[in-house]
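Here's the structure, in structure tokens; my notes come after.
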Amino acid sequence: MGFFGLFDNKTKPMLGLDVSSTTVKLLELSRQGDSYRVENYAVRPLPPNVVVEKNINDVEAVAQVVKAVVQSSRSKLKDAAVAVAGSSVITKLIDMPGDLSEDAMELQISLEADQYIPYPLEEVAIDFDIQGPSAKNPEQVEVLLAACRRENVDIRSTMLELADLVPKVVDVEAYTLERAFALIQEQLEDQEEQVVAVVDIGATMTTLSVLVDGKTVYTREQLFGGRQLTEEIQRRYGLSAEEAGLAKKQGGLPDDYEPEVLEPFKEAVVQQVTRSLQFFFSSSQYNDVDHIVLAGGVASMTGLAGLIEEKLGTSATVANPFANMSISSRVNASALANDAPSLMIATGLALRSFE
């Protein structure tokens, strides 16, 4: 349907651009046969409050950072894919006659969409994707309908255009994570039928996605992230936000930092993961997960995966979508390895180039 490019098939290489509350992350991949290669990558911080809880407040300021991140990556690509938060998208599975052409299906969905979407149709961007034969009726197909407020799509398209890029795809974060998870799944034992919780802990938001056999069955966002640790460092040691952020990454804080600030924050992360999983168990048929994958900037914190494993009794690993990829000589491999857990969404977006 292509109203916002969610399910369009693309063969031309695209930049994956993940715009979070604090950073813009860029990734360019290439493919040879079944293997991928990281061609370019870059990360740039955003000024405070230009993006709040995944809502872009200052389009021009974000566009300037996007332009800078493209320049620092040295990528020559102009086509780009971005994502909207899952919380801003309504999805619904519907059954439709299997003998309809795609154009006829598009027409029928546009005529009937008001049955499924609680917003005025002129305010939404709609897309659909045929999932396969319906389980209820072999003469019908199951269709995934996705709708997002048009302003969320338009603001991201405008931001890319201001950065001299061509907006090709506006995806949904949950689907980009699922696409990137396929690379993580290859690294897990007993891949069949596994229930895997991917916990993406960013600066301000934590997103739990639960995948069963590689397909997303649950996703939930909560306000919690690494900024809470940064703010505690600021408060305790009288530092600016920038100084606290650097100290958190580079070290050099007083001796009481680890026992009195860092360890309590790690415990808070464990509590957050536990609480998120409890929400999932209470609203689904599941009461356990086979594995926990930690993603986001907080995930690479030393000892966090081990602590979660110890407290929850469930195996846990830190996401690295690049574990089986080759890396261009242009790319700083150690910086990429450090940022890998926070590049899941950018990876899922860059992978749209090959669908």
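The only option from Ile345, Leu351, Thr347 that meets the side-chain contact (heavy atoms from CB on, under 4.5 Å) definition with Arg179 turns out to be Leu351. Between Leu145 and the options Ile126, Thr91, Asp127, a side-chain contact (heavy atoms from CB on, under 4.5 Å) holds for only Ile126. Of the options Val199, Thr219, Val198, a side-chain contact (heavy atoms from CB on, under 4.5 Å) to Thr207 is made by Thr219 and by none of the others.
Taking the side chain to side chain donor-acceptor pair (under 3.5 Å) definition, one finds that Ser73 meets it with nothing, sequence neighbours left out. The side-chain contact (heavy atoms from CB on, under 4.5 Å) search around Pro48 returns none, not counting sequence neighbours. The side chain to side chain donor-acceptor pair (under 3.5 Å) check on Arg275 picks up Gln272, with sequence neighbours excluded. Residues passing the side chain to side chain donor-acceptor pair (under 3.5 Å) test with Glu53, sequence neighbours excluded: none. Qualifying side chain to side chain donor-acceptor pair (under 3.5 Å) partners for Asn332, counting only residues two or more places apart in sequence or in other chains: Ser334. Taking the salt bridge (charged side-chain N to carboxylate O under 4.0 Å, His left out) definition, one finds that Lys136 meets it with nothing, sequence neighbours left out. In this view, Asp164 and Lys67 satisfy the salt bridge (charged side-chain N to carboxylate O under 4.0 Å, His left out) rule, not counting sequence neighbours.
Atom CG of Asn287 is surrounded by 12 or fewer heavy atoms from other residues, nucleotides or ligands within 6.0 Å. Residue Gln32 qualifies as open at atom CD: its count of foreign heavy atoms under 6.0 Å is 12 or below.
In the hydrophobic cluster analysis, where Ile, Leu, Val, Met, Phe, Trp and Tyr join through side-chain heavy atoms closer than 4.5 angstrom, Leu312 is grouped together with Phe224. In terms of hydrophobic clustering, with Ile, Leu, Val, Met, Phe, Trp and Tyr side chains grouped at heavy-atom distances under 4.5 Å, Met301 and Val273 are assigned to a common cluster. Residues Val289 and Phe279 fall within the same hydrophobic cluster, defined by Ile, Leu, Val, Met, Phe, Trp and Tyr side chains chained together at heavy-atom separations under 4.5 Å.
Here the CG-CZ distance, from Leu29 to Phe354, works out to 5.5 Å after rounding to the nearest 0.5 Å. Atom CG of Leu177 is separated from atom CG of Asp171 by 11.0 Å, given to the nearest 0.5 angstrom. Atoms CD and CZ, from Glu28 and Arg37 in turn, are 10.0 Å apart once rounded to the nearest 0.5 Å.
Side-chain contact check for Glu178 versus Ser209: every heavy-atom pair is 4.5 Å or farther apart. Residues Tyr175 and Val89 form no side-chain contact, since every pair of their non-hydrogen atoms from C-beta on lies 4.5 Å or further apart. Two residues are said to be in side-chain contact when any heavy atoms from C-beta on lie closer than 4.5 Å; Leu27 and Leu349 fail this criterion.
Listed by first and then second residue, the side chain to side chain donor-acceptor pair (under 3.5 Å) pairs involving residues 253-264 are Arg236-Glu260, Tyr237-Asp256 (not counting sequence neighbours). Residue pairs meeting the ring pair (Phe, Tyr, Trp, His ring centres under 6.0 Å) criterion with at least one partner in residues 286-308, sequence neighbours excluded, are Phe280-Tyr286. Counting only residues at least two apart or in different chains, ring pair (Phe, Tyr, Trp, His ring centres under 6.0 Å) contacts with residues 303-333 are absent.
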Item to complete: Before giving the answer on side chain to side chain contact (heavy atoms under 4.5 Å, CB included), spell out for Ile109 and Val143 the whole-Å C-alpha distance, their side-chain angles and the decisive distance to 0.1 Å.
Response: CA-CA 10 Å; Ile109 285 172; Val143 176; 4.2 Å; yes

Item to complete: Apply the test side chain to side chain contact (heavy atoms under 4.5 Å, CB included) to residues Ser157 and Leu160: give CA-CA distance (whole Å), side-chain angles for both, the deciding distance (0.1 Å), then the verdict.
Response: CA-CA 5 Å; Ser157 297; Leu160 291 175; 6.0 Å; no

Worksheet item: Could you go step by step and tell me if Gln194 and Asp213 meet the side chain to side chain contact (heavy atoms under 4.5 Å, CB included) rule?
Response: CA-CA 5 Å; Gln194 276 211 325; Asp213 210 15; over 6 Å; no

Fill in: Verdict with supporting geometry, Leu183 and Asn324, side chain to side chain contact (heavy atoms under 4.5 Å, CB included)
CA-CA 8 Å; Leu183 302 170; Asn324 297 323; over 6 Å; no

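With side-chain heavy atoms closer than 4.5 Å counting as contact, directly or through intermediates, Leu246 stands alone and belongs to no larger hydrophobic cluster.
If you check the side chains of Arg330 and Asn40, you find a donor sitting under 3.5 Å from an acceptor.
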Would you list the atom pairs, donor with acceptor, under 3.5 Å between side chains in residues 337-344 and any protein atom, with sequence neighbours excluded?
unit_1: Asp339; atom_1: OD2; unit_2: Tyr41; atom_2: OH; d: 2.7
unit_1: Ser342; atom_1: OG; unit_2: Asp339; atom_2: O; d: 2.8

